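Heavy atoms only: backbone and side chains are in, while hydrogens, waters and symmetry mates are out. For ligands, and for the atoms within them, numbers begin at 1 and follow the listed sequence. Source: prediction; values computed, not measured.
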Amino acid sequence: ENMTPELEAQYNEKLTESIKAGHEILANGGSAMDAVEASIRIMEDSPLFNSGKGAVFTHDGINSLDASFMDGTTLNAGAIAGVTTVKNPISLARKVMTDSEHVLLSGAGADSFATSLDDKNIEIVDNKYFYTERRFKSLQRVLEREKAKDEKTVARLEIEDPFVKDSKYGTVGCVALDKNGNIAAGTSTGGMTNKKYGRIGDSPIIGSGTYANNKTCGVSSTGHGEFFIRAQVAYDISALMEYGDRTLEEATEEVIQEKLVDLGGTGGIVALDRLGNISMEFNTAGMYRAMMDDDGKLTVGMYKE
Ligand code: SD4
């Protein structure tokens, strides 16, 4: 499927709705954490993104979700991996942070933690809720590609690499800075099409997919998770600012355009520092993104300027 102007308009509209919801919370004196959760929930409820409703399929034909959440004020964090029955994984990740003595819960245990909460914000759904034809077809294409081992057949079938195919429509993340100088960050994803053996990506890994520290910045990542874990992308950006005297701009550019590229990793980040500077660095052809400043000035787009 190609990006049509209609589809592009749908993405722009949903991103705008999401960022406006977060901005409104902040404008009314709400917390960065509330803004991040509200923005991400809107994207999770949309079939457009690879998170919540629109999550990609695993090799076994189910949807398995990862998410993480971090508070830059206390460095508290929560995350869940391989959840199959929770409508809004970002809210569950936040609950792991606030309502459990742990940071990262996985699989059936994480699903049962969700049930145990009995919270209206943590809706339990059947795994079938996450079915979308578009993502299911995408899995079928990838399975066909896997079967057709030689390159000629792959080319003839015109089956794109699953990551390249899905990366433009992927993982969702959000970072926010509130009036009290608190930074929060969160990330939510279905992972990668055709993931196997309980594979977990970078999105629920604090320091890779998500990081927030009021002293430096907040970061949320999207991309080929294996590389983001190896490069510790989100924490590395923060560390370069904390110990390496870099600006946010310098740190994100160094990590995404140099360190990650050297490893062969593709993807990008959204990041925001304690002064409100914003960076949305990526080394792919495009990355859907939006930002809004204090005055409510909105920027939304996919490609490089
Ligand atoms: C992962 N980083 O599980 C995620 C995938 C992603 O857009 O970002 N897709 O590796």
> Using a heavy-atom cut-off of under 4.0 Å, does the side chain or the backbone of Ser221 touch ligand 1, or both, or neither?
Replying inline: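 Near ligand 1, Ser221 shows nothing, with every heavy atom at 4.0 Å or more.
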Can you find an N or O of [X] that's nearer than 3.5 Å to an N or O of ligand 1?
{"X": "Asp202", "answer": "yes"}
{"X": "Asp66", "answer": "no"}
{"X": "Glu226", "answer": "no"}

Quick one: are the ring centres of Phe57 and Phe130 less than 6.0 Å apart?
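Judged by ring-centre distance (under 6.0 Å), Phe57 and Phe130 do not meet the cut-off.
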Run the numbers for me: atoms of ligand 1, each under 4.0 Å from some heavy atom of [X], listed by number.
{"X": "Ser203", "value": "2 (N), 4 (C)"}
{"X": "Gly191", "value": "3 (O), 5 (C)"}
{"X": "Gly223", "value": "1 (C), 2 (N), 4 (C), 5 (C), 6 (C), 8 (O), 10 (O)"}
{"X": "Gly170", "value": "7 (O)"}

Min side-chain heavy-atom separation Arg246-Ile237 under 4.5 Å: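 The answer is no, as the side chains (C-beta and beyond) never meet within the 4.5 Å cut-off.
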Just checking, is any N or O donor in the side chain of Ser203 or Asp66 under 3.5 Å from an acceptor N or O on the other one?
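Side-chain D/A pair, Ser203 to Asp66: absent.
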Test item: side-chain donor near acceptor, Asp45 and Asn88, under 3.5 Å: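 Yes - a donor-acceptor pair under 3.5 Å links their side chains.
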Go through Ser91 and Asn121 one step at a time and tell me if the side chain to side chain donor-acceptor pair (under 3.5 Å) criterion holds. CA-CA 7 Å; Ser91 296; Asn121 235 9; 4.5 Å; no
More than 12 heavy atoms of other groups within 6.0 Å of Asn28 CG
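More than 12 heavy atoms, drawn from other residues, nucleotides or ligands, come within 6.0 Å of this atom.
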Note to self: Can you tell me if Arg199 contacts ligand 1 (heavy atom of the residue under 4.0 Å from the ligand)?
What the structure shows: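 The answer is yes: ligand 1 sits under 4.0 Å from a heavy atom of Arg199.
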Worksheet item: What's the verdict on side chain to side chain donor-acceptor pair (under 3.5 Å) for Asn283 and Gln257, showing C-alpha distance, side-chain angles and the deciding distance?
Response: CA-CA 6 Å; Asn283 64 30; Gln257 308 298 356; 4.8 Å; no
task = Measure from atom 6 (C) of ligand 1 to every heavy atom in Thr171, Leu65, Thr266, Ile200 and give the option owning the shortest one.
result =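 The option holding the nearest heavy atom is Thr171.
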